[in-house]
Novice: 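Quick one: the structure is below, questions incoming.
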Amino acid sequence: MADLTTNFAGGIKCPNPFWLASAPPTNCGEQIMRAFDAGWGGAVWKTIGEPITNVSSRYSSVDWAGQRMMGLNNIELISDRPIEVNLLEIAEVKRLYPKHAVIASLMVESKREVWHEMVKRAEGAGSDGLELNFGCPHGMSERGMGSAVGQVPEYAQMITEWVKEVARTPVLVKLTPNISDIRVVARAAKRAKADGLSAINTINSITGIDLDTFEPRPNVGGKSSHGGYCGPAVKPIALNMVQQVNSDYVDGPPIPMSGIGGVSNWRDAAEFILMGCGTVQVCTAAMHYGYRIVEDMIDGLSNWMDEKGFVTIEDFRGKSLTKVTEWKHLNLNYKIVAQIDEALCIGCQLCHIACWDGAHQCIHVDRVTGSVDGHVEVHAKPREMGRERIAVTPIPKLDAPKVHVGTHATSLERIPRVDETECVGCNLCSLVCPVDHCITMVERPSGLAPETWAERTNALVDRAG
Amino acid sequence: MDTGFVVDPDVAARFPDLHPPLGKRAAVVEANRCLNCFDAPCMSACPTHIDVPQFIKKIASGNVPGSAKTILEANVLGASCSRVCPVEVLCEGSCVMHGKSERPIEIGRLQRFAMETFYDAGGKLPLRRREERQQRMACLGAGPSSLACAAELRQLGFQVTVIDRRALPGGLNTYGVAEYKLRTADSLREVEMIRGLGVKFEVRDIDAAGLEELEREFDVVFLGVGLGAMHRLDVEGSTSAGVIDALEFIEGYKTGARLTVAPRVVVVGAGNTAIDAACAAKRLGAETVTILYRRQRANISAFDFEYEHALREGVKFLWTALPVGLRETEDGIALACLEVAPDEAGLLVPLEGSEFTIECDVVIPAIGQSPLVDLLSQARGVSMEWGRVVIDRATGQTTNPKYFAGGDCVNGGREVVDAIADGKRAALGIAAVLAGNEVANG
């Protein structure tokens with residue numbers, strides 16, 4: 001049985017790597033205790049600072065293909081509750097749940113003594129670690145806090161140094177993605193001796209516009225403001241940024257990372273851990289479905305680890321980092337082509353039209369008229385044969401059954417064919433195919449030795465030299 | 001022709017929708033299941049070739065008016081088709097989802113959602129931009145085939161008149177479809193849309209002299225007259241008052257003229273109309289409804305889903321039974337039958353000593369309609385074969401170049417959607433032939 005216990009960033013211990021991110025699900029002690037009961041390993045408290053006034057409404061979302069909340073956007077600020085109340089509740093939670101991790105997320109005015117005071121009070125209340133909110137992209141940034149700090153490496157380094165002057169618990173710096181190179185601020189945090197990082201915070205966004213009123217969402221009395229985007233839609237962006245930071249050796253080796261950004265289930269969590277994260281933080285999924293989603297996260301990750309023979313999180317953490325490289329180090333002589341399993345094909349022809357209109361015109365629907373393998377110079381418009389035929393309602397007593405060509409369930413005339421000489425192995429057909437395992441990409445050894453772009457250009461330079 | 005019609009509340013209560021309509025949210029979810037196939041099999045299977053993936057994606061994107069217009073562009077009676085089409089053997093039957101063991105997309109209900117949302121919001125048929133043409137077209141019969149032909153001809157700019165002998169237009173859509181599938185009022189609403197294009201409607205009984213008159217009045221006559229009366233039960237005593245043919249029976253309850261039925265009903269025949277009549281008898285209060293068929297279950301011409309629907313309604317089936325005589329008794333009708341079986345040549349022969357009698361109150365023959373030979377043979381130069389008008393499949397033109405034809409009078413009796421496809425194809429054929437003539441004459 002897999003062991004999910006985690007010891008993060010030099011001393012934050014928790015029963016599993018699943019934390020709730022600093023957000024509405026961690027607004028108060030009562031919520032966090034229920035979350036711990038549900039199984040969460042840790043929680044980053046809703047950012048504590050001088051109480052703010054929020055607006056209504058605060059959230060908006062992007063639905064996709066009939067599914068709700070592919071992405072979530074918010075314009076909520078930090079905690080609207082007095083610092084003292086938050087701290088009292090941290091103490092209470094830690095007293096009742098000593099084995100769970102409670103991280104205090106902090107954001108105060110950019111003054112040394114104010115930060116010192118805040119750090120001491122949070123640690124005094126019993127928090128296991130501190131997360132410096134340098135990421136909040138809306139509202140607070142207009143007041144010189146949040147991403148206004150996170151976008152300027154010098155500020156981020158300075159404040160982190162102030163915090164480190166007094167902090168006794170691990171200090172995590174939360175990074176904003178709203179910057180051209182996220183590694184710049186990560187390096188600043190490393191220079192300031194931060195114990196770890198959290199990434200990513202939300203991405204600047206306007207989710208959409210009401211086409212009747214022309215008002216963007218969320219609507220606050222007829223106006224809107226850009227917010228922070230999160231949820232499943234941002235996962236690929238987060239995963240890339242996490243990889244960039246975790247592979248960066250400038251200003252010292254990578255430091256512990258708590259992965260954030262669209263983590264919705266154990267699969268996402270496993271991916272972030274494979275990319276080097278020690279813990280993951282979740283918000284949107286919990287806001288959508290409640291705390292109980294953690295049950296499957298724990299169960300699913302444990303089962304997967306058992307299946308793969310991993311005993312602890314450390315056994316697979318960072319395993320995929322070495323498998324990301326720069327493009328110039330990819331093998332130019334690796335060749336794959338699409339292969340369609342005719343027995344599984346349902347004849348939707350999405351691969352055909354995707355290849356014709358969106359890729360390299362090498363998947364044909366001409367099985368019945370005969371194959372025309374070979375170099376294709378001129379492409380006629382894909383034919384829509386169905387529209388050209390006169391069709392009538394078949395009446396069993398009167399009409400002969402349809403002629404079925406081929407030995408598979410789908411008639412051969414509807415099963416597309418791949419012209420391997422033209423296929424560039426782009427994957428698109430296998431991505432649009434609605435049937436699992438129907439289109440696979442198979443290797444066709446090129447017979448050439450592996451060669452990368454870097455090697456090829458170096459060879460040219462050598463020859464020229 | 002009148003389209004004011006109020007359904008009897010009792011009929012409305014007894015014949016509620018067989019399939020409930022989709023709500024907006026459910027429609028979007030269902031629309032999103034559609035894979036958006038290229039050269040979609042559903043589209044090929046539809047006789048009117050509605051661009052199914054296109055109209056479904058428009059529902060998904062919230063463009064319902066656009067969705068309705070996509071449907072109407074291919075099939076002007078898209079609303080009634082969404083309710084009466086046997087989608088199980090057409091679009092939905094060909095859905096690729098079957099190939100991955102998933103439910104097919106509910107194309108029929110999605111089409112109904114788009115059409116009803118459009119019409120309920122006051123949507124009208126979009127009139128194409130085109131020049132008015134002076135040629136006058138008569139569409140004989142006001143059923144689906146003629147309506148489709150008339151609408152398309154009007155969209156092409158011609159002056160079109162639809163002529164029918166009956167008070168309400170719509171043909172079988174108005175008078176002959178089970179009310180739980182298509183309401184008379186909905187059929188009439190669709191006709192109103194076509195009238196809105198500028199198509200004229202006229203009630204006129206056409207006989208031989210009438211045809212001659214039409215030839216003088218109009219440049220082209222489209223024959224969309226459908227079929228004639230139902231075949232009579234050819235047995236002794238079949239003129240009894242207790243015998244009523246299936247279409248008359250269905251029309252009776254739909255128009256409110258017949259709201260009750262005696263307790264014991266026998267329907268003869270096992271086609272789709274027989275099932276409609278049998279289910280209607282059940283809903284009108286019959287205690288027992290028995291369908292008598294001379295062959296086996298496997299031989300019926302009703303669609304499988306219709307057969308299963310009849311079973312669910314409580315209709316009983318009696319196989320290999322052939323009615324041979326009918327006698328009025330004190331308390332109803334005694335229907336004499338024989339049990340029959342096919343001989344080596346496939347002919348049905350009675351089994352010895354198999355005579356039996358069914359006591360009932362009403363006998364409803366549903367053994368097909370006869371062709372309108374009397375009328376059609378008066379259209380000079382229009383060839384017939386097996387009681388059907390012979391046409392050029394691509395244009396709908398008959399052997400008399402002035403006459404075009406489509407629908408049941410050509411195909412012997414198929415589905416509404418087949419008639420619509422015929423009508424539209426004929427309209428395009430008429431336009432093409434006229435254009436050719438103009439070039440030739442010019």
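Quantities reported herein were computed from a predicted structural model and do not represent experimental measurements. Lettering of chains follows the sequences in order, A, B, ..., and the numbering in each one begins at 1.
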Novice: Is there side-chain contact between Val416(B) and Asn173(B), with at least one heavy-atom pair below 4.5 Å?
Specialist: yes
Novice: Closer than 4.0 angstrom, basic N to acidic O: yes or no for Glu30(B) and Arg33(B)?
Specialist: yes
Novice: Distance to the ring centre below 6.0 angstrom and angle to the axis at most 45 degrees; does that hold for Arg297(B) and Tyr307(B)?
Specialist: yes
Novice: Less than 4.5 Å to any heavy atom of chain A: does that hold for the side chain of Val417(B), its backbone, both, or neither?
Specialist: side chain
Novice: Is it the side chain or the backbone of Leu35(B) that comes within 4.5 Å of chain A heavy atoms, both, or neither?
Specialist: both
Novice: Of all of Gly99(B), Pro86(B), Ala40(B), Pro47(B), which one pairs up most often with chain A through heavy atoms under 4.5 Å apart?
Specialist: Pro47(B)
Novice: Tell me, for Thr393(A) versus chain B, whether the close heavy atoms (under 4.5 Å) come from the side chain, the backbone, both or neither.
Specialist: both
Novice: Using non-hydrogen atoms only, which part of Pro41(B) is less than 4.5 Å away from chain A: side chain, backbone, both, or neither?
Specialist: both
Novice: With rounding to the nearest 0.5 Å, note down the distance linking CD1 in Ile346(A) to SG in Cys433(A).
Specialist: 7.0 Å
Novice: Using a cut-off of under 4.5 Å for heavy-atom pairs, which of Pro394(A), Cys348(A), Cys351(A) has the most such pairs with chain B?
Specialist: Cys348(A)
Novice: Name the region of Cys95(B), side chain, backbone, both or neither, that has any atom closer than 4.5 Å to a heavy atom of chain A.
Specialist: neither
Novice: Can you tell me which of His98(B), Arg393(B), Arg414(B) forms the most heavy-atom pairs within a distance under 4.5 Å of chain A?
Specialist: Arg414(B)
Novice: Relative to chain A, which of Glu415(B), Arg25(B), Met97(B) shows the most heavy atom pairs under 4.5 Å?
Specialist: Arg25(B)
Novice: Treating Asp63(A) as the side-chain partner and Met69(A) as the backbone partner, does any N or O pair qualify as donor plus acceptor under 3.5 Å?
Specialist: yes
Novice: Does Glu306(B) pair with Lys181(B) as a salt bridge, N-O distance under 4.0 Å?
Specialist: yes
Novice: Under 4.5 Å heavy-atom distance to chain B, tell me which part of Ala409(A) shows up: side chain, backbone, both or neither.
Specialist: neither
Novice: Where does Asp304(B) contact chain A at under 4.5 Å (heavy atoms): side chain, backbone, both or neither?
Specialist: neither
Novice: Checking side-chain polar atoms at under 3.5 Å, does Thr70(B) have a donor or acceptor matched by the opposite partner on Lys58(B)?
Specialist: yes
Novice: CE/Met297(A) to CH2/Trp266(A) distance, rounded to the nearest 0.5 angstrom?
Specialist: 11.0 Å
Novice: Can you tell which part of Ala45(B) gets under 4.5 Å to a heavy atom of chain A, answering side chain, backbone, both or neither?
Specialist: backbone
